[in-house]
Amino acid sequence: MKPSIAIIGAGLAGLTLARELRAHAEITLFEKARGLGGRMSTRRRDQHRWDHGAQFFTARSRAFKALLKPFIETGAVVEWQPNITTLSPDQAPYKRPWFEPHYVAAPGMNGLLKAMSPGLNITLQTRVETLEQQNGQWRLFDDQGKCLGEFDWVISSAPLPQTEALLPLAADTWAGFDMQPCYALMLKVDDQDLPVWDAAQVNDSPLRWIAFNHRLPGRNRNLGAVVAHSTADWAGAHLEDDQEQVKHTLTAEFCALTGVSPQAVQEAQLHRWRYALATEVENDPVGYVLDAERKLAACGDWCLGGRVEAAFSSGHRLAARLRQLL
Ligand SMILES: Cc1cc2nc3c(=O)[nH]c(=O)nc-3n(C[C@H](O)[C@H](O)[C@H](O)COP(=O)(O)OP(=O)(O)OC[C@H]3O[C@@H](n4cnc5c(N)ncnc54)[C@H](O)[C@@H]3O)c2cc1C
C-alpha cells in the first residue's frame, strides 16, 4: 500500500510537491483559503482583478523551465515585457531594462496554480491547526477541533512562522530563515488617468513597486487596476497601525509619485501580508526541512530565499528526497 501524505498549504511549493509525489503516495492537500494561489493570489472585486502578491517571475533552472513549458504553450503563462521605469521622489524617472524573460500567469497570477491542480486531492477552506501522533500515524485537526484524517507523513508548505507553529520540531530547525511583511495597495483608476509606463521600481519611498495590473498580458485593459507594494521596513514599522490610515498614506504617496490626481482614484483596498517575502538563506541551503524518523517535513520559498522559483525549487527538491525514502 502506498504511504499517505498530508500536505498543508496549496501554494506553488505544496502543489509542486504533490504533483511530483502523486505516483508514489496517497496525497491530500489542505488549504485554508477559499481558492488556490497563496502568495500568487488574485483578488477580484466586481469585474476588476488585482494580483496583489507576486508580480512576475523568472525561470533560471532547467526544472522550472520544464514545468512552465506546457503552460506557456497553452497560454496559462505568458512572457511580460512591460515599459518599466524607476521612480523616486527627488529624481526624474528613468527607463529600466530587464535582461532576462519575466513571466506572469494569465488571466491572473493564480492561473499557474489552477493549471497545475487537476487530478490533485485538495481540500479548500480548511486550516490545519494541530497535529498529534498516535500509533505511528499523524492525526490532523482543523481550527474547530475536527479530525481531518490519519497520515503517515505530514509536510507543511505554509510560510515559515505558520510552519514553525504547526510542526513539533526542535527550535533550532528554524534558525537562519526569516520572513518580512509587505502592504499591497489595490486601486481602481481608469487607464486614461495613468502614466504611459506599465510598472515602476520605486526608491526612497514607503512604496517599492507600482504596476498597472490591467495592462499585464491576458487582463482586461479597460478595467484599470493598480497594485502598489510597500517596502518591508515601512510595513514592519506600521504593521499594527490603523489600516484605514495606512491605506490613506500609501494612496497619497502613490498619487505624489505618479502625478495621478487623487480624484482619479475611484476605490482603494489594502492587504496586509504579514509573511510576504523570505530573506536570503546563506550557506548553500538544502532547500527543505526534513525529519525522516518522525516523518515530518517542510518546504516553501523561505527555505531558499523567497521568490516564485524558490517555492518551486523547494517543493521539487523535497519531492526528489522523499522519492528515495518512500
Ligand atoms: C507582496 C508580495 C510580492 C511578491 N512579489 C514577487 C515577485 O514579484 N516575484 C517573485 O518571484 N516572487 C514574489 N513574491 C514571493 C512569491 O509570491 C512567493 O515566493 C511564492 O508565491 C511562495 O509560494 P509558497 O508555495 O512557498 O508559499 P504560499 O504561496 O504562501 O503558500 C502557502 C499556502 O499555505 C496556506 N496555509 C498556511 N497556513 C495554513 C494552515 N494552517 N492550514 C492550511 N493552509 C495553510 C496558505 O493559505 C497558502 O496558500 C511576492 C510575495 C508577496 C507577498
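Start at 1 with the first residue, then count along the sequence. Both counts, for ligands and for their atoms, begin at 1 and track the order of listing.
- Distances shorter than 4.0 angstrom occur between a heavy atom of Gly53 and an atom of ligand 1.
- Scanning all protein heavy atoms for the shortest distance to atom 12 (N) of ligand 1 gives Val308 N, 3.4 Å.
- With atom 37 (C) of ligand 1 as the reference point, the heavy atom nearest to it among Ala211, Ala278, Ala158 is part of Ala158.
- Taken from OH in Tyr103 to CZ in Phe71, the straight-line distance is 14.0 Å, to the nearest 0.5 Å.
- Of all atoms in ligand 1, listed by their number and element, those nearer than 4.0 Å to a heavy atom of Phe30 are 43 (C), 44 (N).
- Looking at Arg208 next to ligand 1, no N or O pair under 3.5 Å apart turns up.
- Heavy-atom contacts of Ala13 reach the following atoms of ligand 1: 25 (O), 26 (O) (cutoff under 4.0 Å).
- Of the possible donor and acceptor atoms, one in the side chain of Asp142 sits under 3.5 Å from a partner among the backbone N and O of Gln144.
- Shown in contact with Ala311 at under 4.0 Å from a heavy atom are these atoms of ligand 1, numbered in order with element: 22 (C), 23 (O), 24 (P), 26 (O).
- Using a 4.0 Å cut-off to heavy atoms of Gln55, the atoms of ligand 1 that qualify are 5 (N), 6 (C), 7 (C), 8 (O).
- When Met40, Gln125, Glu31 are ranked by how near their heavy atoms come to atom 49 (O) of ligand 1, first place goes to Glu31.
- Side-chain atoms of Asn213 and Asp51 form a donor-acceptor pair, as typed in the model, at a separation below 3.5 Å.
- Each of Lys247, Gln243, His271 was evaluated against Tyr183; a single residue qualifies, Gln243, per the side-chain contact (heavy atoms from CB on, under 4.5 Å) test.
- Among all heavy-atom pairs drawn from Ser117 and Ile122, the shortest one is CB-CD1, 3.9 Å.
- Contacts between Ile8 and ligand 1, counted as non-hydrogen atom pairs separated by less than 4.0 Å, involve the side chain only.
- Looking at Asp301 next to ligand 1, an N or O pair under 3.5 Å apart turns up.
- Per-residue contacts place Cys182 under 4.0 angstrom from the following atoms of ligand 1 (heavy atoms of the residue considered): 1 (C).
- Between the side chains of Asn220 and Gln47, no donor N or O sits under 3.5 Å from an acceptor N or O.
- Contacts between Gln162 and ligand 1 below 4.0 angstrom, taking non-hydrogen atoms only, involve the side chain exclusively.
- Shown here is Lys69, whose NZ atom has no more than 12 heavy atoms of other residues, nucleotides or ligands within 6.0 Å.
- Using a 4.0 Å cut-off to heavy atoms of Gly38, the atoms of ligand 1 that qualify are 29 (O), 48 (C), 49 (O).
- Close contacts of ligand 1 with Leu277, meaning ligand atoms under 4.0 Å from a residue heavy atom, involve 4 (C), 14 (N), 50 (C), 51 (C).
- With no hydrogens or angles considered, no side-chain donor-acceptor pair links Asp233 and Gln180 at under 3.5 Å.
- Put simply, part of Thr126 is less than 4.0 Å from ligand 1, judged by heavy atoms.
- For the residue pair Glu31 / Thr126, no side-chain donor-acceptor distance below 3.5 Å is found, with atom types taken as modelled.
- Among the atoms of Arg39, some N or O lies under 3.5 angstrom from an N or O of ligand 1.
- The protein atom (non-hydrogen) at minimum distance from atom 34 (O) of ligand 1 is Gly9 CA, 3.2 Å.
- Shortest contact from atom 31 (O) of ligand 1 to any protein heavy atom: Gly11 CA, 3.5 Å.
- A donor-acceptor pair under 3.5 Å links the side-chain atoms of Arg39 to the main chain of Ala276, judged by distance alone.
- Residue contacts with ligand 1 for Glu309 are absent, since no atom lies close enough (heavy atoms, distance under 4.0 Å).
- A side-chain donor from one of His316 and Glu20 sits under 3.5 Å from a side-chain acceptor of the other.
- For atom 41 (N) of ligand 1, the nearest protein heavy atom (residue, atom name, distance) is Val128 O, 2.9 Å.
- Residue Trp273 has no nitrogen or oxygen atom sitting less than 3.5 Å from a nitrogen or oxygen atom of ligand 1, judged on distance alone.
- At a 3.5 angstrom cut-off on N or O pairs, Phe56 counts as close to ligand 1.
- In this structure, Phe56 has its ring center under 6.0 Å from that of Trp209.
- Applying the 4.0 Å criterion to heavy atoms of Gly300 picks out, from ligand 1, the atoms 26 (O).
- Using cut-offs of 30° and 60° on the angle between ring planes, the pair Phe177 and Trp302 is perpendicular.
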Subject >> side chain to side chain contact (heavy atoms under 4.5 Å, CB included) between Leu120 and Arg19, worked out >> reply: CA-CA 7 Å; Leu120 298 178; Arg19 279 164 58 99; 4.0 Å; yes
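- Distances from atom 32 (C) of ligand 1 to the heavy atoms of Ser314, Ser157, Ala6 put Ser157 nearest.
- Among all non-hydrogen protein atoms, the one lying nearest atom 44 (N) of ligand 1 is Lys32 N, 3.1 Å.
- In summary, the side chains of Asn110 and Thr42 do present a donor paired with an acceptor at a separation below 3.5 Å, with no hydrogens or angles considered.
- One side chain, Arg43 or Gln269, offers a donor N or O that lies under 3.5 Å from an acceptor on the other.
- The protein atom (non-hydrogen) at minimum distance from atom 5 (N) of ligand 1 is Ala54 CA, 3.3 Å.
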